[in-house]
Structures are given as C-alpha cells and as structure tokens.
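Each remark here refers to the structure printed beneath this line.
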2 protein chains.
Amino acid sequence: MARTNDEARRAWQLLMRFFFRQRGQLPACGDQFGLSPVQCHVLHLLEPDDPMPMSRLAKTLSCDASNVTGLVDRLETRGLVERRPAAGDRRVRVLGLTPTGSRVRGELLRHVSGRPNPLTRLTPDERRALVRILERLLDEQDG
Amino acid sequence: MARTNDEARRAWQLLMRFFFRQRGQLPACGDQFGLSPVQCHVLHLLEPDDPMPMSRLAKTLSCDASNVTGLVDRLETRGLVERRPAAGDRRVRVLGLTPTGSRVRGELLRHVSGRPNPLTRLTPDERRALVRILERLLDEQDG
DNA sequence: AATCAATATTTGAGCTTGTCAACTATTTAA
DNA sequence: TTAAATAGTTGACAAGCTCAAATATTGATT
C-alpha cells in the first residue's frame, strides 16, 4: 500500500509538472480569439447540440457556481454563448452556443488540431495507452 | 499524420478534462497549511538542498517573472521561503526553503501521500505506463 | 394548502494568479 | 565605454476563484 501511494504520488507530481510546463503554450490556443485557457475549455466542453445547465458546468469544472456566473457573463458578452430557460425547471439556465460560438468553437478545434501539441511526440502505442488510462480515470470518477 | 493529430488532440482534451475535474480535490492538499495549489506546487518543486534562482522558477512554471515575484512574496511572508543572493551574479536572487518551509514541505508530502489520490485506482501496470509516458514528455521538452 | 428544506443562480467582497509595460541594477559583448 | 541582454521589481489591471448572503423555484411533509 505504501508502495502504491508513493507511485501514485510520483505520477501525480509528474502530471502537475507537465501541466505547469505546458501552460506556456496553452494561451496560444485561444489567443487569436481573445479567449483564456478556461474559456477555451468551456467552449470545448459545450457541444453545439448538447447544451448544459450551468450547475452541470460547475460540477464539470469542479468550481463554485458563482464562478460559472462570471465565466458565462464574459462568454456571453463576447456573443459566444447564451443562457436559455430550461424546459421543466424555471430555476435552471441552460447554456448553449450561439451561431457565432459554434463557428468559433469549430475554428478553435481546427486550430488546436493544426498545431501539433506535445503529445504528438509519443509513439502510437504510448498515446493509446495514455488515452485508455485517462478514460478509465474519468469514467470511474462519477456516476 | 491527420490521425496522429486527432489522437493527440483527443488525449489532450482528456487530460484537460481530468485536470479540471480533479481540481476540486487539489486545494484540500494545502488547505490545512493555508496554501493554494500553486503554492503547494512551488513548495514541491523547491527541494531542501537545491535552491533555485527565481528566473528558473518562472521558466518551470511557464509564467512571467513578475508573477513569481508575487508568489515568492506571499511564501516569504509566511516564512516558508527566503531570497538569497547568488554567488557569482548580483542580479540573481536564489530561492531557498527556510527551516519552517522545509518542515512544512515534508508534512505536505506526507499528507499528500497519505490521502489516496485518484491515480491510486489504476493498476500497477497502468501506473507504471503513465509514469513512463510522463517522464518521456518531460524529458524531451527542454534540454 | 402551508411550510420547510433543498436546489439553481446571482451579487458583492476580497484574495490569488497572471499579464504587460516601465524601471533599476548588473553583466556581457562590441 | 557604450550598447544590448538579463534578473528582478513595481504598478495597473483583468480574470479566476471562494465564500457568505440573497432571490426564485421546486419538492417533500405535514
């Protein structure tokens, strides 16, 4: 068990290190659209035909609901996203992409695909292994 | 090549998703010490007998030097870290742990080891694979 | 039907993180 | 010795966050 925790800690530390080092190239993604990394991620999460309630976004981002309010405010000001009423529940605001938002999201994805990220340097096997591991980690996390 | 980029993008997206979801449990690490996630990471990076110049920290964190100034200010106020003059170059400030900082760092590591992080749930093989992959990614990055 | 607890979102205060431009001090190179 | 590069700081300012408090709705229980 001690062994397991040590290794898990080591992996975690490497992950952190990787992320911080990588961060420098992150802003480049949304820079030409004037989007911050978090905003890019939100746009990435928000699929054109699958709007989600703000509360779900908060859960996905693991942050306070009030944070999402500000986040969405800024995206809405830019005309990328809109709050819509929810069908059955008048408390809920459902988040959807505007046509502009949908277009920008597309450009963003193409742009990210275009510029090779550091993961490109892995061998196909390694990449597959990484994807499999991450999928497992994400699956088990919540119901 | 298109295939490669698509897969790399998928892996990247998963990584982002994982990180944001994980973030919720991150503050818990340093909470009892009153440390933010970034501060924890800096403490983690700063090994007791291997002080580093602020400029190197900025590089490691991929952020502006002025950001490091504030970061270190706050850590210094808490008495965890101190700026020391560098041997050969009077422009340079070398960052070292104070005795307190060293102790807190130790507690922090033990604390993190203690509470099982999500990576604990991987099989040993998967964990080894993950560590190997991350090490490769970090190695190749810079000289 | 009236009430009470839970849920979704917003507001406002306040902190940390982060960037940029401008400035000082030192070092290095021409 | 002047000029260009490097290390760090400062000040202004935006964004990302959290917390506590307030509003509006919904759901469950009497």
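Naming: A, B, ... by sequence-line order, numbering from 1 per chain.
One interatomic measurement links the two molecules: CG of B:Leu35 to P of C:dC15, which rounds to 17 Å at whole-angstrom precision. Remark: P of D:dC17 and CG of A:Leu61 are 8 Å apart, rounded to the nearest angstrom. Across the protein-nucleic acid pair, A:Arg84 atom CZ and C:dT9 atom C1' stand 18 Å apart, rounded to whole Å.
Ring geometry for A:Phe33 versus A:His111: interplanar angle over 60°, hence perpendicular rather than tilted (30 to 60°).
Donor-acceptor pairing under 3.5 Å is recorded for the side chains of A:Ser66 and A:Asp64.
Residues passing the side-chain contact (heavy atoms from CB on, under 4.5 Å) test with A:Pro99, sequence neighbours excluded: none. Every residue meeting the side-chain hydrogen bond (donor to acceptor under 3.5 Å, both in side chains) condition with A:Glu76, not counting sequence neighbours, appears here in chain and number order: A:Arg83. Partners of B:Thr69 under the side-chain hydrogen bond (donor to acceptor under 3.5 Å, both in side chains) rule, at least two apart in sequence or in another chain, do not exist in this structure. Legend: residues meeting side-chain hydrogen bond (donor to acceptor under 3.5 Å, both in side chains) with B:Arg91, ordered by chain and number and at least two apart, are B:Asp89.
When each of A:Ser62 and A:Gly88 is assigned the nucleotide of DNA chain D with its nearest heavy atom, A:Ser62 is the one assigned upstream, toward the 5' end.
Looking at every heavy atom in both residues, A:Leu35 comes nearest to A:Arg78 through CD2-CD, 4.1 Å.
Side-chain nitrogen and oxygen atoms of A:Arg90 include at least one within less than 4.0 Å of the OP1 or OP2 phosphate oxygen of D:dT26.
Across residues 43-52 of chain A, not one residue has a non-hydrogen atom less than 4.0 Å from an atom of DNA chain C.
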| field | Protein-to-nucleotide contact annotation, 5' to 3' order, nucleotides 7-16 of chain D [B base; S sugar-phosphate only; - none; under 4.0 Å, heavy atom] | value | SSBB----SS
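The environment of CZ in B:Arg132 is sparse: at most 12 heavy-atom neighbours from other residues, nucleotides or ligands sit within 6.0 Å.
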